[in-house]
Each structure stands twice: as C-alpha cells, then as structure tokens.
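In what follows, every chain begins at residue 1, and chains take the letters A, B, ... in the order their sequences are listed. Note that the structure is a prediction, hence the values are computed from the model and not measured.
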2 protein chains.
Amino acid sequence: MTKIALQLLECAPSSESGPLAREKAENIADLLKAVADPTRLQILALIARSENQEACACNLTEPIGVSQPTISHHLKKMSEVGLVSRERRGTWVWYSLNKERWGQISDLFA
Amino acid sequence: MTKIALQLLECAPSSESGPLAREKAENIADLLKAVADPTRLQILALIARSENQEACACNLTEPIGVSQPTISHHLKKMSEVGLVSRERRGTWVWYSLNKERWGQISDLFA
DNA sequence: CAAGCTTATAGACAAGTATCTATAAAGAAG
DNA sequence: CTTCTTTATAGATACTTGTCTATAAGCTTG
C-alpha cells in the first residue's frame, strides 16, 4: 500500500480554520485550470517538441486549427499564471515553457 | 538546459493530422479539469491525509464548508474520471484515492 | 509615413459549471 | 413498516470560459 506523497496536503483545512487552506487551494486550482483545456495542452505539446522548446505564435494556429485570436487568448492565460514566457523578436512573438512553474505542477502530484 | 520530458508530447498534432491528437488532448483535459477546482483539491487533500487514505463522505462537508450536495457532486465527478473510488459501508460511503489514475497525472508532468 | 505583416484586444455568444435548496433514495434499527 | 440518518439527484441560478468576428496595436521595410 504505497502512500501518495501529494503536496496537495497543504490544501486541507488545518485544525486552525479554513481560509488559509482555501486560498492555497485556489492558487493551485488557478494553475491547474490554465492547463486543463485540450487546446492549451496541444499548444504546450507543440512548444515542448519544438527546437529549444520554444515556438513562434505564428506556427501554432495552423496545426491546432483554431483562430489566431483564440491561440493568442490561450497564450495570454498561460502566460498570466507563469506557465509560458513571452519574448518578442521583431514582428514575431516566441513562447517557451517556464520550467520552474512546470516543476511546481509536477511536485504537486509527485 | 534541461529538457521537459512531458508526456503531453502526444497531444501535439502529428504530421498526419489532428483528430487523434485532439482526442487524446481532450481526454487528458477531462482528467485535469476534475482536479482544477479548489474545493476538489481540498477534498483530495483531506482524503490523502486520512487514515488509509480513505475518508467517509460524512467527514468532508464540515471542514470544507460547502453544502452536502456540493460535496456529493464533486465526489461524483472525480469518481467518473476514476480519480477516487467509492465504497458503501452500511449507511456511510467511503472514498479513496485511485493511485493508478493519480500516477497517470503524475506521469504527464514528470 | 504608408503598406503589409504578426499579434493582441474588444465584444458577443453559447456552453459549461459550482453552488444552493428541496427532495428522493438507500440502509439501519427499533 | 416506520423512523432516522446518510448520500444522491433534480432543478435553478449566477458565473466562468472557449470560441468567433472585427478591429486595433506593434514592427519592419520600402
């Protein structure tokens, strides 16, 4: 009977009360929500398999098959929670995975 | 420059086309959506820190502070994606973490 | 600066969902 | 069988969100 180490333990309301645990749970949920969407998973996968694990926004629209504003919207959301980093290079914008943040998600379930 | 091993790679549309990758991405998204909610994270954490990593539904409502039907609803959703297992014991219903499913999430981000 | 590209924002709309109250269903026990 | 407790379902509501079209904003280059 292996024990699950999950970091989520800190989400449980402590003997003290609820608010703190709740706030932490909301922060984690916000992070997970940023990943819990098929289009975003495809975007992340495309970035991850790209050279240097970064991708130009211009290369995401066509293979995924949604409109350019939709891709832009998802990238913004993921960028807001720090999952991806944005870098402008002339006309184009390149996105890359933020490994620190990614590691935090990984730790949650480790 | 460490490489991210992420299993999500398979979500990326292959050279062939999109549908298969899309379907896989949707499956993963469904699983992640079942966790991407603060109340559910609190439920999971409470179960995980309980003895034998199982908890009676009756012990979840009060510490989390939402109504009994709400807890029941969340448990049903998480049970539908196989994240928790349900077992009736007389009047009470006990829920436990499904470690296999949990491991699958863990692998996604490993 | 004007034209042409890429990216972001605004607004609208449909679909999903977290929560509640009210009520039903399931079991145990007198 | 009736009563009591626990859990699940139904229905309603308010909020969120994924997507689109239309348009603006940023850059580059003649």
Closest listed nucleotide, where the reference is the side chain of A:Trp92 and the choices are C:dT6, D:dT7, D:dT17: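 Of the options given, the side chain of A:Trp92 lies nearest C:dT6.
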Closest to side chain of B:His73, choosing from C:dT19, D:dT7, D:dC20: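 Looking only at side-chain atoms, B:His73 lies closest to C:dT19.
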Of B:Ala36 and A:Val93, the one whose closest DNA chain C nucleotide lies more 5':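 Closest to the 5' end, via its nearest nucleotide, is A:Val93.
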Scan residues 74-86 of chain B against DNA chain C and write down, sorted by residue number, each residue with any heavy atom closer than 4.0 Å; if none is found, say none.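 Those residues whose heavy atoms fall under 4.0 Å from DNA chain C, taken from residues 74-86 of chain B in numerical order, are B:His74.
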Send over the distance from [X] [atom1] to [N] [atom2], rounded to a whole Å.
X: A:Glu62; N: C:dT7; atom1: CD; atom2: P; answer: 14 Å
X: A:Gln42; N: D:dG18; atom1: CD; atom2: C1'; answer: 14 Å
X: A:Ile43; N: C:dT7; atom1: CD1; atom2: C1'; answer: 14 Å

Does [X] have any side chain to side chain contact (heavy atoms under 4.5 Å, CB included) partners at least two apart in sequence or in another chain, and if so, which?
X: A:Thr61; result: A:Gln68, A:Ile71
X: B:Pro38; result: A:Arg22, A:Ala25, A:Glu26, A:Ala29
X: B:Cys56; result: B:Cys58, B:Asn59, B:Trp92, B:Trp94

Could you list all the side-chain hydrogen bond (donor to acceptor under 3.5 Å, both in side chains) pairs where at least one residue sits in residues 73-82 of chain A, not counting sequence neighbours?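 Checked against side-chain hydrogen bond (donor to acceptor under 3.5 Å, both in side chains) - neighbours excluded - the pairs reaching residues 73-82 of chain A are A:Arg40-A:His74.
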Tell me every residue that passes side chain to side chain donor-acceptor pair (under 3.5 Å) with [X], counting only those two or more places apart in sequence or in another chain.
X: B:Thr70; value: B:Ser67
X: A:Glu10; value: A:Lys24
X: B:Glu100; value: none

Roughly how far, to the nearest 0.5 Å, is the CE atom of A:Met78 from the CG atom of A:Leu97?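 These two atoms lie 8.5 Å from each other.
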Taking side chain as C-beta onward, heavy atoms only, is B:Val35 less than 4.5 Å from B:Leu83?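 Side-chain contact under 4.5 Å: yes.
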A:Thr39 side-chain N/O to D:dG18 phosphate OP1/OP2 under 4.0 Å: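 For D:dG18, OP1/OP2 do not have a side-chain N/O of A:Thr39 under 4.0 Å.
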Phosphate oxygens OP1/OP2 of D:dA8: is one of them under 4.0 Å from a side-chain N or O of B:Tyr95?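 Yes.
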Output one letter per nucleotide in nucleotides 21-27 of chain D: B when a protein non-hydrogen atom lies under 4.0 Å from the base, S when only the sugar-phosphate is that close, - when neither is. BB---BS
